[in-house]
Protein chains: 2
Amino acid sequence: MMAKNEIPMALRAAYLALHRRSEARFAPHGITADQFVLLATLARGDALTQRELARRMPSDPSTVRAMLVLLERDDLVKRDTHPTDARARTVHLTAAGKRKFRQLWKAGESIRAQMVGSLQLHEAETLVRLLGRVAESLDAERVPVD
Amino acid sequence: MMAKNEIPMALRAAYLALHRRSEARFAPHGITADQFVLLATLARGDALTQRELARRMPSDPSTVRAMLVLLERDDLVKRDTHPTDARARTVHLTAAGKRKFRQLWKAGESIRAQMVGSLQLHEAETLVRLLGRVAESLDAERVPVD
DNA sequence: TATTGTTATACTCTATAACTATA
DNA sequence: TATAGTTATAGAGTATAACAATA
């Protein structure tokens with residue numbers, strides 16, 4: 001079998017394994033894996049607009065909005081009107097949200113350790129590099145419709 | 001930044017890019033990316049039980065059942081009672097299902113070409129190998145709860 | 001005119017638990 | 001007792017389209 005035809009399924013299998021393990025790990029904290037990604041994105045760069053947050057995740061603005069409603073209900077994020085653009089709203093982590101994210105990051109540590117433990121250091125670096133290359137190649141912006 | 005902490009997000013970004021491109025590509029055929037995976041699994045090994053099908057995808061039996069109901073409605077798969085186990089049902093592609101899968105495989109060709117085109121041959125092989133290693137390390141069976 | 005976000009809506013996937021039938 | 005599948009149920013993510021407010 002050619003590697004070409006195996007890449008999609010290998011990628012899917014690895015991601016789904018990660019996703020399911022993360023769901024199970026975060027469930028006791030009342031957080032989904034995708035909500036974790038949202039919190040992590042905010043932890044990296046706070047006070048993003050919803051649009052910018054959606055772009056970075058990446059996800060759809062209306063999807064992000066639905067997620068924010070849930071996270072705001074649990075007091076993990078807060079939305080304020082943008083200082084200079086009255087259409088936009090900025091999103092940031094609350095104190096409880098920051099605390100929760102630190103907990104989750106710690107809770108996920110052993111999953112990350114497990115993944116990297118199956119690889120040599122140079123292999124881990126290679127994997128990240130190749131995944132980045134593949135993701136970029138699939139970027140919809142740069143793709144003819146054919 | 002250590003590669004260790006980047007692996008999960010790099011994996012997610014690459015998978016989501018693939019998933020979204022696949023959804024868009026298959027949508028005109030009335031098929032979702034996950035339904036494609038189910039059809040592909042059947043195309044590889046026909047007449048599986050629902051349980052075995054779920055194990056190979058991998059997915060949950062009740063999820064698979066929901067998907068099968070949709071695909072059966074569209075006459076792409078058919079379920080029969082198992083020849084020796086009256087509890088079980090075997091699943092197979094209909095003629096229309098096989099035809100549809102061939103169409104979808106062809107429709108997805110340029111996506112696979114695009115992914116592999118961003119890599120050298122040995123890199124593609126390395127990627128598949130490393131993804132397999134990572135997926136295996138996350139296999140829930142072999143994991144202490146901690 | 002274009003952009004940000006909201007709302008309504010619909011669909012798919014996901015998964016648990018209780019259940020029936022069978023091994 | 002264990003297993004295969006069904007059913008009911010619930011929740012989450014996904015995404016399109018129409019809309020209001022603002023740039």
Side-chain angles (χ1 to χ4, degrees), chain A residues 12 15-39 41 47-55 57-74 76-77 79-91 140, chain B residues 12 15-39 41 47-55 57-74 76-77 79-91 140:
Chain A
R12 180 179 186 272
Y15 171 72
L16 281 187
L18 167 64
H19 192 258
R20 291 198 170 112
R21 295 264 294 136
S22 302
E23 286 282 350
R25 184 60 58 86
F26 296 149
H29 299 266
I31 291 287
T32 68
D34 288 307
Q35 287 170 350
F36 171 77
V37 172
L38 192 157
L39 295 179
T41 306
L48 304 174
T49 63
Q50 294 187 193
R51 198 163 202 86
E52 177 62 16
L53 178 57
R55 197 191 62 74
M57 292 197 47
S59 188
D60 189 89
S62 72
T63 300
V64 166
R65 190 237 172 211
M67 297 176 72
L68 288 175
V69 167
L70 294 175
L71 292 169
E72 206 165 25
R73 180 197 62 192
D74 295 342
L76 298 176
V77 305
R79 290 184 288 170
D80 293 309
T81 55
H82 191 280
T84 62
D85 186 340
R87 297 171 306 181
R89 304 182 68 171
T90 58
V91 187
Chain B
R12 179 179 187 272
Y15 171 73
L16 282 186
L18 168 63
H19 191 259
R20 291 198 170 111
R21 293 264 294 136
S22 302
E23 286 282 352
R25 185 61 58 86
F26 296 149
H29 296 84
I31 291 287
T32 68
D34 288 306
Q35 287 170 348
F36 171 77
V37 172
L38 192 156
L39 296 178
T41 306
L48 304 174
T49 62
Q50 294 187 194
R51 201 166 201 81
E52 177 61 16
L53 178 58
R55 196 190 63 74
M57 291 198 45
S59 188
D60 188 88
S62 73
T63 301
V64 167
R65 191 236 172 212
M67 295 175 75
L68 288 174
V69 168
L70 293 175
L71 293 170
E72 207 165 25
R73 180 197 62 192
D74 296 340
L76 298 175
V77 306
R79 290 182 291 170
D80 294 308
T81 55
H82 191 280
T84 62
D85 186 340
R87 297 171 305 180
R89 305 183 69 171
T90 59
V91 188

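Chain identifiers are assigned alphabetically (A, B, ...) following the order of the sequence lines, protein sequences preceding nucleic acid strands; residue numbering begins at 1 within each chain.
- The separation between M57(B) atom CE and dA15(C) atom P is 12 Å, rounded to whole Å.
- In this structure the side chain of D74(B) never reaches within 4.5 angstrom of the side chain of I31(B), judged on heavy atoms.
- Listed for the R12(B) side chain is a donor-acceptor partner under 3.5 Å among the backbone atoms of M57(A).
- Partner of Q50(A) under the side chain to side chain donor-acceptor pair (under 3.5 Å) criterion, out of R79(A), R55(A), R65(A): R79(A) alone.
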Please tabulate the protein-to-nucleotide N/O contacts below 3.5 Å involving nucleotides 11-18 of chain D, giving atom names and distances.
residue : atom : partner : partner atom : Å
dG13(D) : OP1  : T32(A)  : OG1          : 2.7
dT14(D) : OP2  : S59(A)  : OG           : 3.2
dA15(D) : OP1  : R20(B)  : NE           : 3.4
dA15(D) : N7   : S62(A)  : OG           : 2.9
dT16(D) : O4   : S62(A)  : OG           : 3.2

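- What separates CZ of R51(B) from P of dA2(D) is a distance of 14 Å, to the nearest Å.
- Checked for salt-bridge contact, R20(B) and E23(B) miss the test: no charged N lies under 4.0 Å from a carboxylate O.
- Atom CD1 in I31(B) sits about 10 Å away from atom P in dT12(C), given to the nearest Å.
- Between H19(A) and D34(A) there is a side-chain heavy-atom pair separated by less than 4.5 Å.
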Please list each protein N or O that sits under 3.5 Å from an N or O in nucleotides 20-23 of chain D, with the distance.
residue : atom : partner : partner atom : Å
dA23(D) : OP1  : A86(A)  : N            : 3.1

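- Every residue two or more places apart in sequence or in another chain was checked for a side-chain hydrogen bond (donor to acceptor under 3.5 Å, both in side chains) with H29(A), and none qualifies.
- For R89(B) and dT22(C), the CZ to C1' distance is 14 Å, given to the nearest whole Å.
- With 3.5 Å as the limit, one finds a donor-acceptor pair spanning the side chains of D60(A) and S62(A).
- In this entry the distance linking CZ of F36(B) with C1' of dT12(C) reads 18 Å, nearest Å.
- Taking atom CD of residue Q50(B) and atom C1' of nucleotide dT3(D), one finds them 14 Å apart after rounding to whole Å.
- Closest contact between the side chain of R65(B) and the listed nucleotides dG5(D), dG5(C), dT7(D) involves dT7(D).
- No side-chain heavy atom of L16(B) sits less than 4.5 Å from a side-chain heavy atom of S59(A).
- Spacing between atom CG of L68(A) and atom P of dG5(C) amounts to 10 Å, rounded to whole angstrom units.
- Proximity of R79(A) to the phosphate of dT6(C): a side-chain N or O atom is located under 4.0 Å from OP1 or OP2.
- Nucleotide dT14(C) holds its C1' atom 12 Å from the NE2 atom of H19(B), rounded to whole Å.
- Smallest separation of non-hydrogen atoms from T81(B) and T90(B): O-OG1, 4.3 Å.
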